Visitor: 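Sharing a structure with you now.
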Number of protein chains: 2
Amino acid sequence: MAKAATAEMIATAEHVFREYLRDRGLKYTRERQALLRAIMSSDQHFEAEQLLLSMRQSGLRIGKATVYRTLPLLVNCGIVKQVQFSNNAVHYEHTYGQDPHDHMVCRRCGRIIEFDAADVARLRTILAARHRFHALSHRFQIVGLCEPCVQACPVATRPILVPPVSKGRRK
Amino acid sequence: MAKAATAEMIATAEHVFREYLRDRGLKYTRERQALLRAIMSSDQHFEAEQLLLSMRQSGLRIGKATVYRTLPLLVNCGIVKQVQFSNNAVHYEHTYGQDPHDHMVCRRCGRIIEFDAADVARLRTILAARHRFHALSHRFQIVGLCEPCVQACPVATRPILVPPVSKGRRK
DNA sequence: GTCAATGCAAACATTTTGCAACTCT
DNA sequence: AGAGTTGCAAAATGTTTGCATTGAC
């Protein structure tokens with residue numbers, strides 16, 4: 001996610017979402033509106049759980065199930081996109097009004113670098129045509145080491161693997 | 001996964017795995033050997049659970065935990081690769097001795113088409129250099145519709161989303 | 001008023017962990 | 001012998017579901 005959306009952008013997204021819902025007989029509830037706004041206002045990649053927490057910390061009363069039920073709607077109508085950095089976590093980012101981009105993920109520090117997806121999209125078209133495939137979208141991600149990490153430790157040929165970190169509890 | 005490995009290939013992979021383990025003071029147990037062989041002999045993408053089941057059906061006594069603990073080792077030493085088709089499932093494939101490839105995934109029927117990754121790797125190098133990033137690998141996947149699916153139903157503009165399928169139980 | 005959505009808790013699937021017994025080196 | 005490994009069952013995670021109540025249109 002590069003930048004938080006402007007108020008106008010959010011308004012437009014709300015319109016899009018609303019249309020999407022109406023078209024299939026679904027309702028534009030206050031919870032869905034609140035989720036959309038929270039997501040559009042953010043400039044970060046996020047997980048479902050995080051989103052839930054941040055909304056509750058903002059004083060909003062919202063259930064976990066609602067978050068899990070709403071995210072797919074936003075993905076389907078194209079406002080939000082799923083991204084997968086490491087395993088063990090599904091991340092989301094809002095893409096509405098953003099330039100298409102993909103990500104480079106640093107294996108050592110986890111830094112995310114976004115880059116323009118135009119070249120990738122172009123290649124995807126060529127490859128799809130070559131296999132008589134009808135491309136609709138792609139997922140692309142470059143894994144490696146960012147410059148600062150290489151500078152900090154140029155000797156470590158083998159990248160450091162993310163240590164298994166559990167969240168709380170256990171002896 | 002394009003093809004099952006030949007006996008020689010498996011032997012070589014065993015050697016590689018053994019070295020990898022020895023280098024870090026780990027042991028080449030019969031369970032690890034059995035897992036490696038099963039994986040190398042397969043020509044399919046697979047999930048952890050599937051692997052466990054197929055090994056047990058072959059009469060091998062092996063614990064679930066062992067499978068989950070061994071897969072990361074095989075991934076780290078480069079014999080196995082994780083691939084992620086849809087959400088809700090981590091798939092693996094053995095890549096040792098296989099040509100580098102990426103996947104196209106049909107949204108409607110789930111068919112997987114493999115294609116040579118050379119062009120993608122080339123692009124990845126260019127992109128990485130442009131951002132002073134040190135690329136080590138990539139994940140690429142083209143999502144869309146395969147030819148048969150388009151032929152079967154050319155009218156459906158909106159791709160059919162995988163219906164939420166739970167495995168057994170519930171009301 | 002009707003039909004869909006919400007929140008909660010319970011159910012689930014998947015993966016991880018502790019631990020005692022066991023095995024590779 | 002000793003350090004790492006195994007299997008099992010229990011724990012933990014992340015996500016989904018049933019259901020009664022609430023709310024949007």
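Throughout, a chain's letter reflects where its sequence line sits, starting with A, and its residues are numbered from 1. As the structure is a prediction and not an experimental result, all values here were calculated from the model.
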Visitor: Is there a side chain to side chain contact (heavy atoms under 4.5 Å, CB included) between Q82(A) and R139(A) once you walk through the steps?
Guide: CA-CA 9 Å; Q82(A) 274 194 353; R139(A) 297 171 169 219; 3.8 Å; yes
Visitor: Any residue in residues 64-74 of chain A with a heavy atom nearer than 4.0 angstrom to DNA chain D? Just list them by number, or reply none.
Guide: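 Within residues 64-74 of chain A, the residues near DNA chain D are K64(A), A65(A), Y68(A), R69(A).
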Visitor: Decide whether a cation-pi geometry holds between R24(A) and Y20(A); the criteria are a distance under 6.0 Å from NZ or CZ to the six-membered ring centre and an angle within 45° of the ring axis.
Guide: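 So R24(A) does make the cation-pi contact.
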Visitor: Give a yes/no answer on whether the side chain of R24(A) brings an N or O atom under 4.0 Å of OP1 or OP2 in dA4(C).
Guide: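 No, no such contact exists.
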Visitor: Output a table of donor-acceptor pairs, distance under 3.5 Å, between side-chain atoms of residues 120-133 of chain B and any protein atom two or more places apart or on a different chain; print 'none' if there are none.
Guide:
from    : atom 1 : to      : atom 2 : distance (Å)
R122(B) : NH2    : D119(B) : OD1    : 2.7
R124(B) : NH1    : H138(B) : ND1    : 2.9
T125(B) : OG1    : A121(B) : O      : 2.9
R130(B) : NH1    : D119(A) : OD2    : 3.2

Visitor: Drop me the distance from I79(B)'s CD1 to F17(B)'s CZ, to the nearest 0.5 angstrom.
Guide: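 Answer for the CD1-CZ pair, I79(B) versus F17(B), is 6.5 Å.
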Visitor: For Q50(A) and dG14(D), give me the distance from atom CD to atom C1', rounded to whole Å.
Guide: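 Interatomic distance, CD of Q50(A) to C1' of dG14(D): 13 Å.
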Visitor: Would you tell me if any nitrogen or oxygen in the side chain of R22(B) comes within less than 4.0 Å of OP1 or OP2 on dT25(C)?
Guide: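 Result: no.
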Visitor: Who passes ring pair (Phe, Tyr, Trp, His ring centres under 6.0 Å) against Y92(A), sequence neighbours left out?
Guide: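 For Y92(A), the residues satisfying ring pair (Phe, Tyr, Trp, His ring centres under 6.0 Å) (neighbours in sequence not counted) are F46(A).
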Visitor: Measure CG/N88(B) against C1'/dC12(C) and give the value in whole Å, please.
Guide: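 Between C1' of dC12(C) and CG of N88(B): 13 Å.
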Visitor: Taking OP1 and OP2 of dT6(C), is either one under 4.0 Å from a side-chain nitrogen or oxygen of R32(A)?
Guide: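 True: R32(A) side-chain N/O within range (under 4.0 Å) of dT6(C) OP1/OP2.
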Visitor: Starting at atom CG of L52(B), determine the distance to atom P of dT16(C), rounded to an integer number of angstrom.
Guide: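 Going from CG in L52(B) over to P in dT16(C) covers 14 Å.
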Visitor: Measure from CD on Q33(A) to C1' on dT6(C) and round the result to the nearest Å.
Guide: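 So the CD-C1' distance, Q33(A) to dT6(C), works out to 16 Å.
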Visitor: Atom CD1 of I62(A) and atom C1' of dA5(C): how far apart are they, to the nearest Å?
Guide: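 Rounding to the nearest Å, CD1 of I62(A) and C1' of dA5(C) are 11 Å apart.
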Visitor: Do H101(A) and E93(A) have side-chain atoms, one donor and one acceptor, less than 3.5 Å apart?
Guide: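 Side-chain D/A pair, H101(A) to E93(A): present.
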Visitor: What side-chain donor-acceptor pairs closer than 3.5 Å can you find for residues 60-69 of chain A, not counting sequence neighbours?
Guide:
none

Visitor: Of L21(B) and R56(B), whose closest DNA chain D nucleotide lies nearer the 5' terminus?
Guide: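 Counting from the 5' end, the first nearest nucleotide belongs to L21(B).
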Visitor: How does protein contact run along nucleotides 20-25 of chain D, one letter per nucleotide 5' to 3', with B for base contact, S for sugar-phosphate only, - for none, heavy atoms under 4.0 Å?
Guide: ---BBS
Visitor: To the nearest angstrom, how far is Y20(B) atom OH from dG4(D) atom P?
Guide: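 From Y20(B) OH to dG4(D) P: 15 Å.
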Visitor: Can you see whether Q141(A) engages H103(A) through a side-chain donor-acceptor pair at a distance of less than 3.5 angstrom?
Guide: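 Looking only at side-chain atoms, H103(A) and Q141(A) do not form any donor-acceptor pair under 3.5 Å.
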Visitor: Partners of H134(A) by side chain to side chain contact (heavy atoms under 4.5 Å, CB included), sequence neighbours excluded?
Guide: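 If we apply the side chain to side chain contact (heavy atoms under 4.5 Å, CB included) test to H134(A), skipping adjacent residues, the hits are L145(B), E147(B), V150(B).
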Visitor: Atom CG of L60(B) and atom P of dT6(D): how far apart are they, to the nearest Å?
Guide: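 My rounded result for the distance is 14 Å.
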Visitor: What integer distance in Å separates R61(A):CZ from dT6(C):C1'?
Guide: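 R61(A) atom CZ is separated from dT6(C) atom C1' by 9 Å.
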